[in-house]
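First comes the structure, then the notes that go with it.
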Amino acid sequence: MNSCRISIFAKIIVLLFALGLSGCHADKVEHKKELLIYCGITMIKPMAEIAGIIERDYDCKILITKGGSGNLLKSIKANKIGDLYLPGSGAYIQTTLEQGLVTDTVHVGYNKAAMMVKKGNPKNIPASLDSLADKRFLVAIGNPESGSIGRETKKILDKKSIFSKVANNVQIMTTDSKDLIRFLKGEEADLVVNWYATATWAENEDSITVLPISDEYAEKKKLIIGLLRFSRYPELARAFMDYAASEKGKAIFNKYGLYDVR
């Protein structure tokens, strides 16, 4: 009888000890430092790769929310949470600096807009911005109000004084670079304006031919990460920024066509 009681008591002790360890582990996980990064869609690949390195080296968790740069900025303003912001255009970072949303920045890469057609250019579309206004072609561009590629496209076309003509010929105006790729790969568009880097990715390079836009109209754009004013872990966020801006970080961005832009 006593032996039975001792056995039961021992099992209870072991169970309570196991639950205690489980509770401690859960508490440890719950309090792991966590970064929230807002990232334009074109930059998601290098940012995700760097996030994996920082998670490993600093024993933290990194969440990345992706979307059109303009839409992300609206979320930042509305929610006032998060740690880092990487839009596809420095103009958005300038806005955050002027509005006091960002306290520090680092330069991590470059991008450049380009026209894109299906592989081999089967419709023989001329490498001219005027092709975007040609009614023989199905044209898709980004919305200037929602994403960096849309804003950059409008800037380019305004410089050539043909934005209105192109807008009247556009069949689809979308939010981001991912949709522009999808439309081009399908039968929804013959010609798009998108960030050059997207054409270099393994899943796209066999489907897309780039028609470069002259530097006169399309300049290389700096990619800049901003540290948000309300970051909960600014030191960890700065560690991410430092790595992204380092030679190792630049090599990662370059792997995805986002540094040495042709």
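Just so it is clear, the structure is predicted and the values come from calculations on it, not from any experiment. Starting from 1, each residue takes its place in the sequence as its number.
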Checklist entry - Can you tell me how far CD1 of I181 sits from CG of N194, rounded to the nearest 0.5 angstrom? => result 5.0 Å

Next on the checklist: Could you tell me if the side chain of L191 sits less than 4.5 Å from the side chain of L132, heavy atoms only?
Outcome noted: yes

Checklist entry - Any side-chain heavy atom of K32 sitting closer than 4.5 Å to one from D59? => result yes

Next on the checklist: K80: which residues meet the side-chain contact (heavy atoms from CB on, under 4.5 Å) condition with it, sequence neighbours left out?
Outcome noted: R229, F230

Checklist entry - Within the side chain of Q171, is there an N or O that forms a donor-acceptor pair under 3.5 Å with the backbone of V139? => result yes

Checklist entry - Backbone N or O of G67 within a donor-acceptor pair of the D176 side chain at under 3.5 Å? => result no

Checklist entry - Residues two or more places apart in sequence or in another chain: which of them pass side-chain contact (heavy atoms from CB on, under 4.5 Å) with A189? => result A140, F183, V192

Item to check | Point-to-point distance, once rounded to the nearest 0.5 Å, from CG of D179 to CD of E188 | outcome: 9.0 Å

Checklist entry - Taking it one step at a time, do L36 and T65 satisfy side-chain contact (heavy atoms from CB on, under 4.5 Å)? => result CA-CA 7 Å; L36 172 60; T65 180; 4.2 Å; yes

Checklist entry - With a 4.5 Å heavy-atom cut-off, do I37 and L86 have their side chains touching? => result no

Item to check | Closest non-hydrogen atom pair, D260 against N254 | outcome: N-OD1, 2.8 Å

Checklist entry - Taking everything shown except K119 itself, do over 12 heavy atoms lie less than 6.0 Å from its NZ? => result yes

Checklist entry - Do M115 and F163 belong to the same hydrophobic cluster, where Ile, Leu, Val, Met, Phe, Trp and Tyr are linked whenever their side-chain heavy atoms lie under 4.5 Å apart, directly or via other members? => result yes

Checklist entry - Are L180 and I41 co-members of a hydrophobic cluster defined by side-chain heavy atoms under 4.5 Å apart? => result no

Enumerate donor-acceptor pairs with a distance under 3.5 Å from any side-chain N or O in residues 147-159 to protein atoms, sequence neighbours excluded.
unit_1, atom_1, unit_2, atom_2, d
S148, OG, W195, NE1, 3.2
T153, OG1, I149, O, 2.7
K154, NZ, D158, OD2, 2.7

Checklist entry - What pairs meet the side chain to side chain donor-acceptor pair (under 3.5 Å) rule with one or both residues in residues 66-77, with sequence neighbours excluded? => result K77-Q99

Checklist entry - Are E205 and T200 close enough, and set up right, to give a side-chain contact (heavy atoms from CB on, under 4.5 Å), and what steps lead you there? => result CA-CA 5 Å; E205 60 183 357; T200 71; 5.8 Å; no

Checklist entry - Can you name the residues that form a salt bridge (Lys or Arg N to Asp or Glu O under 4.0 Å) with R136, not counting sequence neighbours? => result D134

Item to check | Counterpart residues, salt bridge (Lys or Arg N to Asp or Glu O under 4.0 Å), relative to K61 (two or more places apart) | outcome: none

Checklist entry - ring pair (Phe, Tyr, Trp, His ring centres under 6.0 Å): which pairs involve residues 110-130, sequence neighbours left out? => result H107-Y110, Y110-Y259

Checklist entry - Is the number of heavy atoms from other residues, nucleotides or ligands under 6.0 Å of K178 NZ greater than 12? => result no

Checklist entry - For atom CD of E98, is the number of surrounding heavy atoms from other residues, nucleotides or ligands below 6.0 Å larger than 12? => result yes

For residues 231-242, run the donor-acceptor check on the side chains, cut-off 3.5 Å, and write out each pair with its distance to 0.1 Å, sequence neighbours left out.
unit_1, atom_1, unit_2, atom_2, d
S231, OG, D83, OD1, 2.6
S231, OG, Y233, N, 3.3
R238, NH1, D104, OD2, 2.7

Checklist entry - Which heavy atom in I81 sits nearest to a heavy atom in L228, and how many Å separate them? => result O-CD1, 4.2 Å

Checklist outcome for this item: Between M47 and C39 the two heavy atoms that sit nearest each other are CG-SG, 3.7 Å

Item to check | Full working for side-chain contact (heavy atoms from CB on, under 4.5 Å) between K160 and D130 | outcome: CA-CA 9 Å; K160 192 169 170 59; D130 291 319; 3.5 Å; yes

Checklist entry - What is the minimum heavy-atom distance between Y196 and G257, and which atoms define it? => result CD2-O, 4.2 Å

Checklist entry - Would F253 and W201 show up in the same hydrophobic cluster when neighbours are defined by side-chain heavy atoms closer than 4.5 Å? => result yes

Next on the checklist: Would a single hydrophobic cluster contain both I64 and Y92, if residues Ile, Leu, Val, Met, Phe, Trp and Tyr are joined by side-chain heavy-atom contacts under 4.5 Å?
Outcome noted: no

Checklist entry - Is the NZ atom of K33 crowded by more than 12 outside heavy atoms at less than 6.0 Å? => result no

Show every donor-acceptor pair shorter than 3.5 Å between a side-chain atom in residues 206-227 and any protein atom, with sequence neighbours excluded, or say none if there are none.
unit_1, atom_1, unit_2, atom_2, d
T209, OG1, G120, N, 2.9
S214, OG, E216, N, 3.1
D215, OD1, K112, NZ, 3.4

Next on the checklist: Counting only heavy atoms not in F137 (residues, nucleotides, ligands), do more than 12 fall under 6.0 Å from its CZ?
Outcome noted: yes

Item to check | 4.5 Å side-chain heavy-atom contact, M116 and T198 | outcome: yes

Checklist entry - So which pairs with a foot in residues 37-53 pass side chain to side chain donor-acceptor pair (under 3.5 Å), sequence neighbours left out? => result T42-S177, K45-E203, E49-K255, E49-Y256

Next on the checklist: As a quick check of understanding, evaluate side-chain contact (heavy atoms from CB on, under 4.5 Å) for L258 and M43, giving each step before the final call.
Outcome noted: CA-CA 8 Å; L258 289 163; M43 291 77 66; 4.2 Å; yes

Next on the checklist: Would a single hydrophobic cluster contain both I252 and V108, if residues Ile, Leu, Val, Met, Phe, Trp and Tyr are joined by side-chain heavy-atom contacts under 4.5 Å?
Outcome noted: yes

Next on the checklist: Can you tell me how far apart CG (L72) and OG (S146) are? Round to the nearest 0.5 Å.
Outcome noted: 10.5 Å

Checklist entry - For E247, which residues count as a salt bridge (Lys or Arg N to Asp or Glu O under 4.0 Å) partner, sequence neighbours excluded? => result K250

Next on the checklist: Strictly distance-based, threshold 3.5 Å: is any side-chain N or O of T95 a donor or acceptor partner for the main-chain N or O of A91?
Outcome noted: yes

Next on the checklist: Run the side-chain contact (heavy atoms from CB on, under 4.5 Å) test against L97 and tell me which residues pass, sequence neighbours left out.
Outcome noted: I93, Q94, V102, T105

Checklist entry - Is the backbone of T175 close enough, under 3.5 Å, to the side chain of N143 for a donor and an acceptor to pair up by distance? => result no

